[in-house]
There are 2 protein chains.
Amino acid sequence: MTEAGETVNGRSARPTSKDVAQAAGVSQSTVSLVLGRKWTGRVSPATARAVQETAERLGYRPNAAARNLRLGTTRTVLLVIPTITAPFFGAVYIGAARVAARNGLAVVVYPPDDAGPAGSPFAAPQDAIDGIIASSMTLDALRGFGPAPLVMLDSGPAAAGAAPAVDFAVEDGMRAVVAHLAALGHRRFGHVAAAVDEWTFRARGDAAAAAVAALPGGTLDRAAGRIEVHSAKEAAGRLLDLPHRPTALICDDDLLAAGAYKAARARGLEIPRDLSVTGFDDVEIARALEPELTTVRLPAQELGAQGMSALLELLEGGRPPSRALPGELVVRTSTAPPPAGPG
Amino acid sequence: MTEAGETVNGRSARPTSKDVAQAAGVSQSTVSLVLGRKWTGRVSPATARAVQETAERLGYRPNAAARNLRLGTTRTVLLVIPTITAPFFGAVYIGAARVAARNGLAVVVYPPDDAGPAGSPFAAPQDAIDGIIASSMTLDALRGFGPAPLVMLDSGPAAAGAAPAVDFAVEDGMRAVVAHLAALGHRRFGHVAAAVDEWTFRARGDAAAAAVAALPGGTLDRAAGRIEVHSAKEAAGRLLDLPHRPTALICDDDLLAAGAYKAARARGLEIPRDLSVTGFDDVEIARALEPELTTVRLPAQELGAQGMSALLELLEGGRPPSRALPGELVVRTSTAPPPAGPG
DNA sequence: CTGAAAGCGCTTACAG
DNA sequence: CTGAAAGCGCTTACAG
């Protein structure tokens, strides 16, 4: 291993544009022009080729700090997400990072854990960024970040009014869930809600309520839990212990559905024979559950990718339009007609 | 929203140390000294205080690019992991990022998805980093990254020979699993192996084989699958279809165990009555499964944290020792004595 | 105790 | 077509 700062023969191990210039017998500015792809019409093709070859041979890579200082730019953007451990946000990150890298940008994730920016012991990276993409939060939570080009993801119309936004059409997804269950014959629903004050969950809850209300004879009870298996089990249990218990549990999230499975099993209810259960998101756990979970697939990676594209457009002075990405109902084996009988 | 480069009253919106100097009536070097905390004995306390107050009032933050250029440092390190979507690596990231932030370092994750560095379309971020932490890979996979201070995580003794390393004591963990099952009375084991050529999985497999071999009457069959539910189900199924089928399935990973659950259910086997199953890692899915999974908890966050600490030490010229973090057997309800009978 | 100056490695007018 | 020079905003000898 050779350390970055090490010198070989009294010379810096990492060549600069000056070194390339010297080796190629041209001026440093010519090197910069050529490698910055601004040479056509200003440098002869032969010289350009020589410079390129010399740079390649010496393994030259421009110094990012110098470039950033000169240009007043950092080529890095901040991705603000509630948590990186949830597979959903991992996918958002991948989508964003992929588009970013294609455009020579780096993505730094913040905050690195579940602690919010406020009161966080973490150094504030917002000093060295060109823009911000925030997912699944309110504009309010972004106050600590100061002014910077901003794109909001999965944050609803309020955020969309203040910044270019990419959302999911979660209401459509939820309506598809209710329609699917209604078509199977269900009328008594339980909503296992995420106890998280975010637009995306309010929208899911409102859409479920509206869709059930539009159903002749439809009823909906609700219990909220944290997005965590045991809290969800407890919430779902409350619904299942109702005197007139629901025949279908609509969960705001796949992990919540895992908790609903536990609550059902604890009561000797078999899914989907005695109880139908649905999730939302379609993360890996949906297919790990037994029976596999009927859920709404949210294109998380696409969300990140489109968010980054919008930020890129914003950075270039454009006005990217806000948009909504459709979800897709994925019917698996956790849903079936309600049990016949007195229910 | 105000863009970073915007000017107000013909003046750059973001103050520099020169602005602070002018406002405080001192030289720019004094500002730098004071804010860099190198002023004691060189600047009078009164002046220092005045500078600090002025900087605060103007909302001054040093320009990172200028600082990096001058210092030849970037204050960012690369975290190279196989994938960010696996909850395990999310935890590693959090641990590393937490320690990094406490020391004013940023962490950039690479590669942003499952594609390896080789042939990846992603820009190479290794041009602007101070060091690298790589988790769960071979030194070989790091060839593209050139020389940089390096710490290896969860990569075994071969890596530890070349760089400071933090590993898990996975062999101990696997021995604890076998001992636990043996104490329950199991003798016929199946090993659902991860089809991943990494030290950590080879070590798990070898430790399981050795521990079972040391058991009077112990037998071990093996089947490998990708770390993905359906592939795991298929691998576990092969083991369960053996003429003399195992009474316990030892899985290299919790997700593999989820597949084993499916294989068992598909054959009408009830866990743990007819079959015991164990996992490894203790990620969220372990508790989402029904019954909850007996597994080995690997302190992933601690791995990231200790890795970053080691890198910090390395960056300061030290020689951090390699070390191994103990796992912990977590006994839940997926393990029980083997069924009595001809088995 | 304080300031003027050099220089990190780039990009980009500007002059020729 | 090519080069000399300025300057981005810092840190750190150096001079006083």
Side-chain angles (χ1 to χ4, degrees), chain A residues 4-7 11-52 54-55 58-75 104 127-128 130, chain B residues 4-7 11-52 54-55 58-75 104 127-128 130:
Chain A
E6 200 185 24
T7 56
R11 225 163 150 292
S12 171
R14 189 162 166 197
T16 68
S17 59
K18 224 155 118 184
D19 297 323
V20 176
Q22 196 164 18
V26 299
S27 77
Q28 186 267 330
S29 21
T30 300
V31 172
S32 182
L33 244 24
V34 171
L35 298 179
R37 283 173 196 140
K38 304 197 165 161
W39 63 273
T40 26
R42 312 221 260 153
V43 175
S44 75
T47 306
R49 202 164 321 120
V51 168
Q52 275 153 350
T54 309
L58 299 186
Y60 168 73
R61 332 234 25 179
N63 179 304
R67 189 168 202 281
N68 292 344
L69 176 58
R70 175 63 228 241
L71 262 22
T73 198
T74 63
R75 305 299 293 169
D127 291 334
D130 288 348
Chain B
E6 199 185 26
T7 56
R11 225 164 149 295
S12 170
R14 187 162 167 198
T16 68
S17 60
K18 222 155 120 183
D19 297 323
V20 176
Q22 196 164 18
V26 299
S27 77
Q28 186 266 329
S29 21
T30 300
V31 172
S32 183
L33 245 24
V34 171
L35 298 178
R37 282 174 196 137
K38 304 198 164 160
W39 62 272
T40 26
R42 313 223 259 153
V43 175
S44 75
T47 306
R49 202 165 319 121
V51 168
Q52 275 154 351
T54 309
L58 299 186
Y60 169 72
R61 330 233 27 179
N63 179 305
R67 188 168 203 282
N68 291 344
L69 175 58
R70 175 63 228 240
L71 261 24
T73 199
T74 62
R75 306 299 294 172
D127 291 334
D130 287 348

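Naming convention: chains lettered A, B, ... in sequence-line order (proteins, then strands); numbering from 1 in each chain.
- Nearest to the side chain of B/T47, among C/dT2, D/dC10, D/dT12, sits C/dT2.
- Taking the side chain of A/S27 as heavy atoms from C-beta on, and the options C/dC1, C/dT12, D/dA4, the nearest nucleotide is D/dA4.
- Out of D/dC10, D/dC1, C/dG3, the shortest distance to the side chain of A/P45 is found at D/dC1.
- Taking 4.0 angstrom as the limit, A/S17 places a side-chain polar atom (N or O) nearer than this to OP1 or OP2 of C/dC10.
- Distance OG1/B/T30 to CZ/B/R42: 10.0 Å, rounded to 0.5 Å.
- Distances shown here put every side-chain N or O of B/K38 at or beyond 4.0 Å from the OP1 or OP2 atom of D/dT11.
- If you check D/dC10, C/dG3, C/dC10 against the side chain of B/T30, the one that comes closest is C/dG3.
- Both B/L69 and B/L33 lie near DNA chain C, and the one whose nearest nucleotide falls closer to the 5' end is B/L33.
- The interatomic distance linking B/L71 (CG) with D/dT12 (C1') rounds to 10 Å, in whole Å.
- Secondary structure note: stems in DNA chain D built from 3 or more consecutive Watson-Crick or G-U wobble pairs under 3.5 Å occupy C:1-3 with D:14-16, C:5-12 with D:5-12, C:14-16 with D:1-3.
- Comparing D/dT2, C/dC10, D/dT12 by their nearest atom to the side chain of A/Y60 picks out C/dC10.
- Listed nucleotides: D/dT12, D/dG3, C/dC10. Nearest to the side chain of B/R70: D/dT12.
- When distances run from any side-chain atom of A/S29 to the nucleotides D/dT12, C/dC10, D/dA4, the shortest one goes to D/dA4.
- Of the candidates D/dC10, C/dC1, C/dC10, the closest approach to any side-chain atom of A/P62 belongs to C/dC10.
- With D/dT2, C/dG9, C/dT2 as the choices, the nucleotide that has an atom nearest any side-chain atom of B/R42 turns out to be C/dT2.
- Nearest to the side chain of B/Q28, among C/dG9, D/dC10, D/dG3, sits D/dC10.
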